[in-house]
Amino acid sequence: MNLLRAFALCLSIGLVSEAVAQNVQPGPTLLTVRQRDALLCGAAPNAPGFGAPDSRGDWQGIDPDVCRAVAAAVLGDARKVRFFPLTSQARFAALQSGQIDLLPRTVTWTHSRDTAVGLNFTTPVFYDGQGFLVRKSANIRQATDLAGATICTFAGSTSELNLADWARANRVQYTPLVFEQNDEARIAYDNGRCDAISTDASQLIGLITAMRVPADHTVLRDRISKEPLTPAVRQGDDQWNDIVRWTIFALIEAEELGVTSANAEEMLQSQDPSIRRLLGQAGDHGPMMALDRRWAYNAIRAVGNYGEIFDRHVGRGSPIGLDRGINDLWTRGGLMYSPPIR
């Protein structure tokens, strides 16, 4: 009898889930994006590896590819994205006011931003920490050697606050030189106006590639903060939050399951239940968010899985040349982990 009841319960849950999926209507953000036929995304003015236009003016980096993945999931076309370069100080107002639909612009997930600024954070796409970029010739071995130095950092960012907190805690006196954009700080540093730049370590490594003599510079091993870089959406639209978050999870899940941009079509024939659900061959996971069943397939085909995106923009094969480290899959000792799509 217990088995019969369990079977009946599972059947009823399945029927309810199917009925719910068929009746889900587009929420306000999804409806606006579809009516406009374009996704509006915030972008960093120049953050190599995370967001910067190439020689043709096409935006490249982890953050633009997140936007393209969402556009593919929602509109079926990764090209239907418009990018809006935003300073650190302007980015939150742009999202709150509806100027953009999604803000993946190297944004650190913090308590105050999550609770008091009107943002919802989806899931981290890169785990980072704040560091220091210095000249090798200065013979600076650790961050505390910067006592008395002029340090460039960025207005309206966690970097500015973290630097002040670190200096206070370690009783280090320094002179801040604050800029709004990466290029401004890089040029000031390269011209000798500051002794160091302090921001997310991954961005510092990207800035080195744009220096006049990259080999003259290094990033110290010290990390003074936790920086989970996480795409943000406006509060008040749970469906849109789900869409962005689960699109990112789908890219992570695809890497774990071995689904790539190159083999996604072939994988449609897989009998693996997890792959079938991911690619829309089983279940109603797209319709549960008012999307097509192949929402994740479209995203993966457009930009690849998370590992492909990482390798292309910041990994060993890129000019930045980072190891995966904590940004590897959980199965390889990293922090990248997707809840089950089921």
Where the side chain of Q181 meets the backbone of F179, is there a donor-acceptor pair that is under 3.5 Å apart? no
Would you call D114 and T110 a side-chain contact if the rule is heavy atoms closer than 4.5 Å? no
Might you point out which heavy atoms bring A69 and A299 nearest each other, and give the distance in Å? O-CB, 3.5 Å
To the nearest 0.5 Å, tell me how far Y127 OH sits from I326 CD1. 8.0 Å
Sidechain-backbone polar pair: D77 side chain, R79 backbone, donor-acceptor under 3.5 Å: yes
Would you call the rings of W109 and F121 parallel, tilted or perpendicular if under 30° counts as parallel and over 60° as perpendicular? parallel
Partner residues of D165 under the salt bridge (charged side-chain N to carboxylate O under 4.0 Å, His left out) criterion, sequence neighbours left out: R168
Whether the side chain of D195 engages the backbone of T150 through a donor-acceptor N/O pair (distance < 3.5 Å, no angle test) should be reported. yes
Without hydrogens or angle criteria, can the side chains of T158 and E227 be said to hold a donor-acceptor pair below 3.5 Å? yes
Pairing donors with acceptors under 3.5 angstrom, does anything connect the side chains of S97 and Q99? no
Relative to the ring of Y306, is the ring of F310 parallel (under 30°), tilted (30 to 60°) or perpendicular (over 60°)? tilted
Besides W330, the hydrophobic cluster formed by Ile, Leu, Val, Met, Phe, Trp and Tyr side chains linked at under 4.5 Å, directly or via other members, contains Y337
Are R332 and D328 close enough for a salt bridge, meaning some N to O gap below 4.0 Å? yes
Tell me if a side-chain donor or acceptor on N120 pairs with a main-chain N or O of N241 at a distance below 3.5 Å. no
Are any side-chain N or O atoms of D58 and backbone N or O atoms of D54, one a donor and one an acceptor, separated by less than 3.5 Å? no
Taking the side chain from R234 and the backbone from L119, do they hold a donor-acceptor pair closer than 3.5 Å? no
Closer than 3.5 angstrom, by distance alone: can the side chain of R312 be matched with the main-chain N or O of G307 as a donor-acceptor pair? no
Residue R36 excluded, over 12 heavy atoms near CZ under 6.0 Å: yes
Do any N or O atoms from the side chain of W240 and from the backbone of D101 form a donor-acceptor pair under 3.5 angstrom? yes
Would you say the side chains of Q60 and D65 form a donor-acceptor pair under 3.5 Å? no
Indicate whether the side chain of D237 and that of T29 have a donor and an acceptor atom separated by less than 3.5 Å. yes
Have Q130 and D200 got a donor and an acceptor in their side chains that come within less than 3.5 Å? no
With a distance cut-off below 6.0 Å to the six-membered ring centre and an angular limit of 45° from the axis, does R186 pair with Y189 as a cation-pi contact? no
Looking at R316 and G321, would you say the former's side chain and the latter's main chain have a donor-acceptor pair under 3.5 Å? yes
Heavy-atom closest pair, residues V74 and V33: CG1-CG1, 4.1 Å
Could you tell me if S338 and E256 have a donor-acceptor pair between their side chains, going purely by distance under 3.5 Å? no
For D128 and R223, what are the C-alpha separation, side-chain angles and deciding distance, and is it a salt bridge (Lys or Arg N to Asp or Glu O under 4.0 Å)? CA-CA 9 Å; D128 209 346; R223 297 293 180 269; 5.3 Å; no
Report yes or no: does R324 contribute a side-chain atom to a donor-acceptor pair with the main-chain N or O of N327 at less than 3.5 Å? yes
